[in-house]
There are 2 protein chains.
Amino acid sequence: MQKDPALYTKKIRSFYHKSRRMPSFAELADLFGFQSKNASAKLVKKLVETRILKQNNRGFLIPGPLLRGLKLLGTVEAGFPTPAEEELVDTLTLDDYLISRPDSTFLIKVSGESMIDAGIMPGDLVLMERGREPRTGDIVIAQVDQGWTMKYYEKQGCAIRLISGNKKYPPIIPKEELRVAGVVVSVVRKYV
Amino acid sequence: MQKDPALYTKKIRSFYHKSRRMPSFAELADLFGFQSKNASAKLVKKLVETRILKQNNRGFLIPGPLLRGLKLLGTVEAGFPTPAEEELVDTLTLDDYLISRPDSTFLIKVSGESMIDAGIMPGDLVLMERGREPRTGDIVIAQVDQGWTMKYYEKQGCAIRLISGNKKYPPIIPKEELRVAGVVVSVVRKYV
DNA sequence: TTGACAGGTGAACGATCGTTCACTATACTA
DNA sequence: TAGTATAGTGAACGATCGTTCACCTGTCAA
């Protein structure tokens, strides 16, 4: 009979998280109490079939989609299913999903309520991508006076306006040049 | 003179992203056109000092904080600094920041505007943790009738109410038992 | 002109890598 | 009761690992 692969998954994930690399076959044997690397090899063969692990061209272990990502269940309010078949579940890594150009992406913490109507609350983390050309409707980080603000970017012809995401605040029409630090590509909020 | 480590960082990050593991010394030499593994060894020695790389107890490469994470710049609206010293920058990995129990965390897409006052818009992704005990003020995914909804959880004594994050919707007082699928631990929104 | 030094070559080292083979023990099926 | 598949042991294999040594080649300051 097949043993439950969830237990193996958990231990391997824990190893991967702690040492930031996949275990070798010897380390796998150590993890599960095997005396022989061959026991690891047979286990790996199964886990590869269940998409938990992968192996590269030299046999080294690579985390599979089910090990790296989170399970995407469905849609709330439409009623979401809980697929019994683990293989049918779509998986997603937040880093892969949100970050396309890691070298020019930066994190900024939000304070103030100037974008609260856009669903960006104080305390949120914002991912800003530097070097991207802002388009109308984008949320940008721009230099105004001494500090930096986050506003909607709007361009009509040559006229550029910065519009707040809070009805209480008036739009800003920059007098001379406008320094845009970057475009907001995503927002992240952590409860608890 | 020291060469710019940013170029090395970029290539190594690209390798790490593609093959989901750190390169060996031979692969490093291949990446940069070295003929000798020793050239890699000397390069690694420097990159370890700049916190881009790490090495474990057997010399294998491990991604350092500057390779894995995004740079946390500061706070918008308070004016954020751009530290010249790369070593002073705090770095953060989204996966590490948002996910504490990967085995019981799931992703759900939001449709509808029932939590729009809480800054959760349609199209957002929500991270739900299963098995966590909900507390008053938490946002939960709960089973109501046939489908699932996302509401604020409120408990006063034995009375449990589910409150919508949209003033238009009335609170729900569950008649019998309440099936809570999980507690929302974070929200993620992707523009572009 | 000399010396120091950073950057790279090339070869050798013991250790560990994943793989493979033959073999044993257990559990379940026919 | 015999047969078969599952799970693990233990040893050997060539290949690759990171490390180390001596050596070469420029560049730059003294």
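Every heavy atom of this structure was used, including side-chain atoms; hydrogens, water molecules and symmetry mates were not. Every chain is numbered from 1 and lettered A, B, ... according to where its sequence line falls, protein lines coming before strand lines. Fair warning: this is a prediction, and the values are worked out from it, not measured in the lab.
Atom CG in Leu7(A) sits about 16 Å away from atom C1' in dA7(D), given to the nearest Å. Glu49(A) places its CD atom 11 Å from the P atom of dT6(D), with the value rounded to the nearest Å. As rounded to whole Å, 18 Å separates atom P of dT16(D) from atom CG of Leu61(A). Between Arg58(A) atom CZ and dT16(C) atom C1' there is a gap of 13 Å when expressed in whole angstrom units. Between Leu47(B) atom CG and dG7(C) atom P there is a gap of 11 Å when expressed in whole angstrom units. Per the geometry, CG belonging to Leu28(A) stands 15 Å off C1' belonging to dA7(D), to the nearest Å. Atom CG of Leu43(B) and atom C1' of dT9(C) are 16 Å apart (whole Å). The CZ-P distance, from Phe60(A) to dT16(D), rounds to 10 Å in whole Å.
With rounding to the nearest 0.5 Å, the separation of CZ in Arg189(A) from OH in Tyr191(A) is 4.5 Å. The structure places CE of Met22(A) at 5.0 Å from CG of Leu53(A), a figure rounded to the nearest 0.5 Å.
Remark: Lys190(A) is positioned above the aromatic ring of Tyr97(B), its terminal NZ or CZ atom under 6.0 angstrom from the ring centre and at most 45 degrees off the axis.
Residue Lys46(A) has a polar side-chain atom (N or O) positioned under 4.0 Å from OP1 or OP2 of dA7(D).
The minimum heavy-atom distance between Gly123(A) and Lys109(A), with the atom names listed, is O-CE, 4.0 Å. The two residues Glu154(B) and Ile163(B) come nearest to each other via the heavy atoms OE1-CD1, 2.9 Å. Scanning both residues, Thr75(A) and Val110(B), for their nearest heavy atoms gives CG2-C, 4.4 Å. Taking all atoms of both residues into account, the shortest heavy-atom contact from Val76(B) to Ile108(A) is N-CG2, 3.5 Å. Gln143(B) approaches Trp148(B) most closely through the heavy-atom pair N-CE3, 3.5 Å. What you find for Asp103(A) and Phe106(A) is that their closest heavy atoms are O-CZ, 4.2 Å.
If you find the closest nucleotide of DNA chain D to Lys42(B) and to Gly59(B), the one lying nearer the 5' end belongs to Gly59(B).
Residues from residues 29-40 of chain B placing a heavy atom under 4.0 Å of any atom in DNA chain C, listed by number, are Phe34(B), Gln35(B), Ser36(B), Asn38(B), Ala39(B). Contacts with DNA chain C (heavy atom under 4.0 Å) in residues 13-27 of chain B: none are found.
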